[in-house]
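Below is one structure, written out as structure tokens, with a few remarks after it.
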Amino acid sequence: MSESASTPTPAKSMDAIMALCKRRGFIYQASEIYGGINGFWDYGPLGAQMKKNLRDAWWEDMIMRPCWGRNGPDGHPVQCVPVETRIIQHPKVWEASGHVGGFNDPMVDCKETRGRYRYDHVSVFVPENGDAGDKPVFAYMGDTPSEARQRKKAEKTFGAIKSVALSSLPQPWARVIAPDAEKPGSLTEPRMFNLMFDTITGAIRDESNKAYLRPETAQGIFVQFKNVIDTTRIKVPFGIGNTGTSFRNEVTPRNYTFRSREFEQAELEFFCHPDESADWYKFWRDFRMEWWKAIGLGGDGGGNLILREHEKDELSHYSQGTSDVEYRFPFTAPGFGELEGIAHRGNYDLTQHQAHSKVKLEYNDTERGELLPNGSRRGEKYLPHCVEPAAGLDRGVLALICEAYTKDDSRPSPEFMKFHPRIAPVKAGVFPLVNKDGMPEVAEKLHTELSRKFWRQGMIETDAKQTIGKRYARMDEAGCPFCFTIDGDTLTNQTVTVRDRDSGQQQRIGIDKVAGFLSEKLAP
RNA sequence: GCGGACGUAACUCAAUGGUAGAGUGCCAGCCUUCCAUGCUGGAUGUUGAGGGUUCGAGUCCCUUCGUCCGCUCCA
């Protein structure tokens, strides 16, 4: 999450949004009848369809027709192919990727201040000769206020001091004063926080069969890079996309579905020549921002969405650039929470997997290298660079829900969901104005027709009970963009009214034009 | 993992240690020719779970699970 000084819109009530999501069947707590399970959430009927719509939109706009048919920075159409890789990979995949090392951070807690510190980040000021005798020594965290404060105290006690790692001191640390504590001896022994879930493959429970649930889908793509090259005719530059579930054993799942322990990612790894990678990075970064706006996060002039370029010191050593698409969630406002990261990863991952697997992953680019007398090129072998737009689909759903949630007490239906028609789980409602005089029959016929044509995109609902106002209000709450109503005139002139969710305004169109109308509105 | 707050119907919330309720929603029927506000009736709870104190616990105590806030974490 990051802060920004731009003008914040008044934060919506997260409690109201969560209540609506439960009430209307967007999101349920996982295993709710057993008391729930921390960090896991299920989708109800509307949520499941909505998330599918988001996933489909990503699949269509990133893989099947990338970037809406636009050319890339090389002047050619962007090319991408899909894969579907497994949650469980060979354990060495995660050693190569650095996750096995980096995901196991020992922590120490301070019993006095309740502070928690990365064990390997804690340093200690001790006397220069290393012998503190019976006196306490002073722990600190680099680059925090504790450093200067503890340095001052240490110098007062010992005069000349030096800094050593906490890990170099023998336990228990009875004479160590924790970074923000007053008294010595408050630090616990280091404890491991396993951020990757593990499991055992095979029937025999044996540590040697230990496997991990993936913390990201990306590695499955890198691991299959060579197969994709070898078994398709696709050429660099191109992308490989993958959607699927990942797991992170978050220390503190928080903020509704925002930080869940099980979540779905939509990741593209776009491979290109090193010389072109900076251009592709900028291209994808800008397109991804544009895409989120196009599916419904562009409200308020897009003011709740920002593209945040990482500072140089935030970047991994191999990266030439990383940006986050961030949304101003009600629980992060006035700050922002990450929806998607677009990272220039260089050839780090392919290099790692090549080294660990001992399999050559170089690409033979036959369109580069010196021109030969026969008119062909000598070719150039290289490890492609990679640009990675990695989106969180569950976070996307949550952002779209937060953005869509609208409270307007001047409306008959004060709470409604302003979903983009492409994302809305319910695409249309078909109602008889009153439940008699032949109207229900006409409505049922139109409902059947629309259902047959649009079931791939979402639900078409119908309802003849209660007043028309109540039925419109129900549709507003579900975020259904259009309602078609059969009234007395329909029976004589074959027209229906179309009600627009956001304005409440109506127009009449021919009943035979309804499918065409809807089709046009649902297009990307 | 620590500290704090909270947990009652599908939702929002009441209930002095003394018979678990309301509004909304939902269902049925009636009435209804365009925006939840017309009428009648109906269903729904082991008060998150488990234990304890008490003649009696939604209420007090303990344990546990979950949610929210802060710390921490966010590779």
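Letters go in sequence order (proteins before strands), and every chain restarts at 1.
Considering only side-chain N and O atoms, A/Asn255 lies under 4.0 angstrom from the phosphate OP1 or OP2 of B/C69. For B/U32, neither phosphate oxygen OP1 nor OP2 lies less than 4.0 angstrom from any side-chain nitrogen or oxygen of A/Lys465.
Both tests do not hold together for A/Arg501 against A/Phe416: distance to the six-membered ring centre under 6.0 Å, angle to the ring axis within 45°. Stacking of A/Arg288 on the aromatic ring of A/Trp291 is recorded, both the 6.0 Å distance cut-off and the 45° axial limit being met.
When heavy atoms are screened at a 4.0 angstrom cut-off, A/Met14 is found touching no nucleic acid atom at all. A/Arg254 comes within contact range of at least one nucleobase, with a heavy-atom separation under 4.0 Å. Heavy atoms of A/Tyr256 sit under 4.0 angstrom from primed sugar atoms or phosphate atoms, though from no base atom. Using a 4.0 Å heavy-atom criterion, one finds that A/Arg411 contacts no nucleic acid atom at all. Residue contacts shown for A/Glu216 are absent, as no nucleic acid heavy atom lies under 4.0 Å away. Using a 4.0 Å heavy-atom criterion, one finds that A/Asn38 contacts the sugar-phosphate atoms exclusively. Counting any heavy atom pair closer than 4.0 Å across all strands shown, A/Gly39 reaches sugar-phosphate atoms only and no base atom. Looking at heavy-atom distances under 4.0 Å, A/Asp476 makes no contact with the nucleic acid at all.
Atoms OH (A/Tyr472) and P (B/U33) sit 14 Å apart, rounded to a whole Å. The nearest whole Å value for the distance from the CE atom in A/Met18 to the C1' atom in B/C68 is 8 Å. In this structure, CD1 of A/Ile468 is placed 16 Å from C1' of B/U37, rounded to the nearest angstrom. Summarising the geometry, the separation between CZ on A/Arg471 and P on B/C35 is reported as 12 Å, rounded to the nearest angstrom. Between the CZ atom of A/Phe258 and the C1' atom of B/U67 there is a distance of 18 Å, given to the nearest Å. At whole-Å resolution of the value, CD in A/Glu415 and C1' in B/C35 are 16 Å apart. Nucleotide B/A36 holds its P atom 13 Å from the CG atom of A/Asp408, rounded to whole Å. The distance from atom CE of A/Met417 to atom C1' of B/A36 is 18 Å, rounded to the nearest whole Å.
Candidate nucleotides B/A36, B/U33, B/C74 were compared by shortest atom distance to the side chain of A/Ser413, and B/A36 ranks first. Of the listed nucleotides (B/A36, B/U33, B/C35), B/U33 has the atom at the smallest distance from the side chain of A/Leu433. For A/Asp437, the listed nucleotide lying nearest its side chain is B/U33; candidates were B/C26, B/U33, B/A36. Considering only the side chain of A/Thr467, B/U37 comes nearest among B/G29, B/U37, B/U33. Nearest nucleotide to the side chain of A/Asn435, out of B/G25, B/C35, B/U32: B/U32. For A/Lys470, taking side-chain heavy atoms from C-beta onward, the closest of the listed nucleotides B/U67, B/A36, B/C35 is B/A36. Of the candidates B/C35, B/A36, B/G66, B/G66 carries the atom nearest the A/Gln29 side chain, counting heavy atoms from C-beta on.
Residue whose closest nucleotide on RNA chain B sits further toward the 5' end, between A/Phe263 and A/Pro253: A/Pro253. Each of A/Gln506 and A/Arg474 was matched to the nucleotide of RNA chain B holding its nearest heavy atom; the match closer to the 5' end belongs to A/Arg474.
Of the C1' atoms belonging to B/C27 and B/G52, the separation is 42 Å, rounded to the nearest Å. For the P atom pair drawn from B/G18 and B/C11, the interatomic distance equals 26 Å after rounding to whole Å. Between the C1' atoms of B/A36 and B/C26, the separation comes to 14 Å (whole Å). Going from the P atom of B/G58 to that of B/G21 covers 13 Å, rounded to whole Å. B/G17 and B/C55 have their C1' atoms separated by 12 Å, with the value rounded to a whole Å. Nucleotides B/A14 and B/G45 place their C1' atoms 15 Å apart, quoted to the nearest Å. As rounded to the nearest Å, B/G48 and B/A15 have P atoms that lie 15 Å from one another. Going from the P atom of B/G50 to that of B/C65 covers 15 Å, rounded to whole Å.
A/Thr199 and A/Tyr212 form no side-chain donor-acceptor contact under 3.5 Å, judged by distance and modelled atom types alone. Of the N and O atoms on the side chains of A/Asn304 and A/Glu403, at least one donor lies less than 3.5 Å from an acceptor on the other residue. Between the side chains of A/Thr332 and A/Tyr327, not a single donor N or O lies within less than 3.5 Å of an accepting N or O.
In a base pair of the Watson-Crick type (N1 to N3 plus N6-O4 or O6-N4) or a G-U wobble (N1-O2 and O6-N3), with each distance short of 3.5 Å, B/G70 is matched with B/C2. Summarising the base pairing, B/G58 is matched to no nucleotide, lacking a Watson-Crick or G-U wobble pair whose two defining distances lie under 3.5 Å. Across every strand in view, B/G38 sits in a pair with B/C30 that passes the Watson-Crick or G-U test at under 3.5 angstrom. With a cut-off of 3.5 Å on both Watson-Crick or G-U wobble distances, the partner of B/A20 is given as none. Under the Watson-Crick and G-U wobble criteria, each requiring two contacts below 3.5 Å, nucleotide B/G45 is left unpaired.
Electrostatic pairing of A/Glu264 and A/Lys51 counts as a salt bridge here, judged by a charged N lying under 4.0 Å from a carboxylate O. Checked for salt-bridge contact, A/Glu269 and A/Arg345 miss the test: no charged N lies under 4.0 Å from a carboxylate O. By the 4.0 Å N-to-carboxylate-O rule, A/Arg499 lies close enough to A/Asp476 to be salt-bridged with it.
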Practice task
For each nucleotide in nucleotides 6-12 of chain B, reading 5' to 3', give B when a protein heavy atom comes within less than 4.0 Å of its base, S when such contact involves only the sugar-phosphate, and - otherwise.
Solution key: ----SSS
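With respect to A/Arg285, the salt bridge (Lys or Arg N to Asp or Glu O under 4.0 Å) criterion is satisfied by exactly one of A/Glu340, A/Glu388, A/Glu309: A/Glu309.
Aromatic rings of A/Phe331 and A/Phe258 (six-membered ring for Trp) have centroids within the 6.0 Å cut-off, being under it.
Relative ring orientation between A/Phe125 and A/Tyr140 is described as parallel, the plane-to-plane angle staying below 30° on a 0-90° scale split at 30° and 60°.
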